[in-house]
Engineer: 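If you scroll down you'll find the structure; I have some questions about it.
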Amino acid sequence: MKLWHWGLIALGALLLALLAARQVFAVQIGEAAFRRAIAENVGQDPSASLPDGLHLYLCGSGSPLPDPARAGPCIGVLAGDRAFLFDVGGGSIRRLTRMGFPTGRTEKLYLSHLHSDHFDGLGELMVGAWVGGSRSTPLPVAGPPGVAEITDGFNAAYRIDSTYRMAHHGPAVANPAGYGLAPEVIDLPAGPGARAVLLDEGGLQITAFLVNHSPVEPAYGFRIDYKGRSAVISGDTVYSDNLVRVAEGADILFHEALNPEMVAAMSQAAGEAGAAPLSKVFADILDYHASPVDAARAAEAAGVERLVIYHIVPPLPSKLLYPVFLKGTGAAYAGRIDVGEDGTLYSLPAAGGLERKTVTR
């Protein structure tokens, strides 16, 4: 056999040996990476390192329209070491957990209104808060009249599942007394300026106020104040004078927005494609949501420091669409506007300042 044949055989053997070694080392490297990841994340509470203040987790900046980057509307709030949720759209709880929010410590969920995209993550929250927090009482859910019908439905739907978890994990983890949701009705007086303080203790105040999402009535927004820092969550609404009054001087405003030109174009395209029901849905939603310019006007009138747009319609799969979505907002508001992105944490330390960072793990 010629010498170069032997060389090819030797080279082939060397390549096979390298490939085998690569497989061995790939397993070792993968195992090391896995063990490091679980040591850094499993059972840890990243929120423990946050400074005292108001911290807002944008766990859902999307809408009912499919959006791979955005879950349904949801904002997690830490006021000191107290944890609350405001709306719980589909997919938001998994996002929230990845952000390091202490879901098991959630004291209460507040629902802005009873549109399904604002509560269809309730099942995941209920189980996660119950088992993850080893709760001994059901999770309170505060919302408009009718909230009991929602919570009763979820309690019934998950009852069989709960018996399996009780049997498997035992009462120390899945305490039967902690299973389920406990409704609390927020019933504000009628009138365009209606508001009410729902909680006022330890430097923390949570206020609910009426907004206009007709024909969905009532619909609420919320203001959270803690140690001199403040955030306002609009819920679903058109431009609202009541929101502007309640939001006056707030550090940050989370305001929903629908771009009417973009959605009208989608309605027209659906109609031309023969999808008449879809075309009508797009046309129908134009009249009960604020536009980005409306949100900017509200932020300017209220004098808020930062505007974050969430409950974004239509989906924005690329940042190249952000300028189109925000067209005209710069003339309406002199402050900074963020297009909401899931996984973003806004921190308002009691000592002052505002920090924005991505924390999805």
Side-chain angles (χ1 to χ4, degrees), residues 54 56 73-75 77 79 82 84-89 106-119 122 138-154 181-226 228-258 285 287-290 294-295 297-304 310-311:
L54 193 59
L56 302 116
C74 171
I75 297 176
V77 174
R82 302 184 67 177
F84 302 89
L85 285 178
F86 293 82
D87 288 334
V88 59
T106 303
E107 288 188 33
K108 186 175 293 187
L109 165 68
Y110 292 93
L111 294 178
S112 62
H113 62 293
L114 302 185
H115 254 152
S116 60
D117 61 305
H118 290 254
F119 65 75
L122 249 177
L139 177 68
V141 179
V147 65
E149 187 173 347
I150 304 297
T151 57
D152 289 350
F154 274 93
L181 306 169
E184 297 181 6
V185 176
I186 303 171
D187 195 4
L188 301 189
R195 70 182 75 174
V197 175
L198 307 180
L199 184 151
D200 189 359
E201 58 187 39
L204 170 64
Q205 187 174 91
I206 297 177
T207 302
F209 57 93
L210 278 178
V211 293
N212 182 0
H213 193 43
S214 181
V216 180
E217 296 178 346
Y220 303 142
F222 299 95
R223 174 167 175 146
I224 306 99
D225 290 272
Y226 178 71
R229 310 312 305 270
S230 52
V232 174
I233 300 169
S234 72
D236 283 6
T237 183
V238 296
Y239 181 90
S240 168
D241 290 325
N242 197 31
L243 179 148
V244 169
R245 288 189 289 269
V246 175
E248 184 175 353
D251 293 296
I252 191 167
L253 168 63
F254 292 84
H255 202 300
E256 69 111 280
L258 173 152
I285 63 176
D287 66 357
Y288 70 167
H289 289 285
D294 289 333
R297 288 172 51 225
E300 181 69 22
V304 302
Y310 83 123
H311 196 280

Engineer: Which pairs pass salt bridge (charged side-chain N to carboxylate O under 4.0 Å, His left out) with one or both residues in residues 228-242, sequence neighbours excluded?
Structural biologist: Arg229-Asp251
Engineer: Show me, pair by pair, the donor-acceptor contacts under 3.5 angstrom made by side chains of residues 189-204, not counting sequence neighbours?
Structural biologist:
{"unit_1": "Asp200", "atom_1": "OD2", "unit_2": "Gln205", "atom_2": "NE2", "d": "3.2"}
{"unit_1": "Glu201", "atom_1": "OE2", "unit_2": "Arg82", "atom_2": "NH1", "d": "2.9"}
{"unit_1": "Glu201", "atom_1": "OE2", "unit_2": "Arg82", "atom_2": "NH2", "d": "2.9"}

Engineer: Identify the heavy atoms of Asp187 and Pro145 that sit nearest to each other, and give their distance.
Structural biologist: OD1-CG, 4.1 Å
Engineer: For a quick test of reading the model, state the closest non-hydrogen atom pair linking Ala247 to Val304 and the distance between them.
Structural biologist: O-CG1, 3.5 Å
Engineer: Can you list everything that forms a salt bridge (Lys or Arg N to Asp or Glu O under 4.0 Å) with Glu300? Sequence neighbours excluded, please.
Structural biologist: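 Applying salt bridge (Lys or Arg N to Asp or Glu O under 4.0 Å) to Glu300 gives none.
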Engineer: With side chains defined as the heavy atoms from C-beta onward, is the minimum distance between Val77 and Phe86 less than 4.5 Å?
Structural biologist: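 Of all side-chain heavy-atom pairs linking Phe86 with Val77, at least one is under 4.5 Å.
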Engineer: Return the minimal non-hydrogen interatomic distance between Val244 and Ala301, and the atom names on each side.
Structural biologist: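 Taking Val244 first and Ala301 second, the nearest heavy atoms are CG1-CB, 3.6 Å.
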Engineer: Over all heavy atoms of both residues, which pair between Ser230 and Ala250 is shortest? Give the atoms and the distance, please.
Structural biologist: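 Scanning both residues, the minimum pair turns out to be OG-CA, 3.2 Å.
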Engineer: What residues, two or more places apart in sequence or in another chain, satisfy salt bridge (Lys or Arg N to Asp or Glu O under 4.0 Å) together with Arg223?
Structural biologist: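 Arg223: salt bridge (Lys or Arg N to Asp or Glu O under 4.0 Å) contacts with Asp225.
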Engineer: Go through the steps for Ile252 and Val232 under the test side-chain contact (heavy atoms from CB on, under 4.5 Å), then give the verdict.
Structural biologist: CA-CA 6 Å; Ile252 191 167; Val232 174; over 6 Å; no
Engineer: Show me, pair by pair, the donor-acceptor contacts under 3.5 angstrom made by side chains of residues 209-220, not counting sequence neighbours?
Structural biologist:
{"unit_1": "Asn212", "atom_1": "OD1", "unit_2": "Ser214", "atom_2": "N", "d": "3.1"}
{"unit_1": "His213", "atom_1": "ND1", "unit_2": "Tyr288", "atom_2": "O", "d": "2.9"}
{"unit_1": "His213", "atom_1": "NE2", "unit_2": "His115", "atom_2": "ND1", "d": "3.3"}
{"unit_1": "Tyr220", "atom_1": "OH", "unit_2": "Ile186", "atom_2": "O", "d": "2.5"}

Engineer: CG/Asp117 to SG/Cys74 distance, rounded to the nearest 0.5 angstrom?
Structural biologist: 12.0 Å
Engineer: Would you call Val141 and Ile150 a side-chain contact if the rule is heavy atoms closer than 4.5 Å?
Structural biologist: no
Engineer: Would you say Ile233 and Ile224 make side-chain contact, with heavy atoms under 4.5 Å?
Structural biologist: yes
Engineer: So which atom in Leu111 and which in Pro144 form the shortest heavy-atom distance, rounded to 0.1 Å?
Structural biologist: O-CD, 3.6 Å
Engineer: Between Thr207 and Phe222, is a side-chain contact (heavy atoms from CB on, under 4.5 Å) present by the stated rule, with each step listed?
Structural biologist: CA-CA 6 Å; Thr207 302; Phe222 299 95; over 6 Å; no
Engineer: Using the test ring-ring contact (aromatic ring centres under 6.0 Å, His included), find all partners of His311 that sit at least two apart in sequence or belong to another chain.
Structural biologist: His118, His289
Engineer: Should we count CD of Glu248 as having more than 12 external heavy atoms under 6.0 Å?
Structural biologist: no
Engineer: Taking the side chain from Ser234 and the backbone from Glu256, do they hold a donor-acceptor pair closer than 3.5 Å?
Structural biologist: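 Confirmed, Ser234 side chain pairs with Glu256 backbone.
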Engineer: Would you give the length of the straight line joining atom NZ of Lys108 to atom CZ of Phe84, rounded to the nearest 0.5 angstrom?
Structural biologist: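 The CZ atom of Phe84 is 7.5 Å from NZ of Lys108, to the nearest 0.5 Å.
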Engineer: Can you tell if the side chain of Asp87 reaches within under 4.5 Å of the side chain of Tyr110, non-hydrogen atoms only?
Structural biologist: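 No, every pair of side-chain atoms sits at 4.5 Å or beyond.
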Engineer: Measure the shortest side-chain to side-chain distance between Leu56 and Phe254 over non-hydrogen atoms and say whether it is less than 4.5 angstrom.
Structural biologist: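 With C-beta onward as the side chain, the pair touches.
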Engineer: So, taking the atom named CZ in Phe119 and the one named NE2 in His113, what distance separates them when rounded to the nearest 0.5 Å?
Structural biologist: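 Rounded to the nearest 0.5 Å, the CZ-NE2 separation comes out at 9.5 Å.
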Engineer: Give the intermediate values and the outcome of side-chain contact (heavy atoms from CB on, under 4.5 Å) for residues Val185 and Val147.
Structural biologist: CA-CA 7 Å; Val185 176; Val147 65; 4.1 Å; yes
Engineer: Less than 4.5 Å apart, side chain to side chain, heavy atoms only: is that true for Tyr310 and His255?
Structural biologist: no
Engineer: After noting the C-alpha distance and the side-chain angles of Leu181 and Leu109, does the key distance pass the side-chain contact (heavy atoms from CB on, under 4.5 Å) rule?
Structural biologist: CA-CA 10 Å; Leu181 306 169; Leu109 165 68; over 6 Å; no
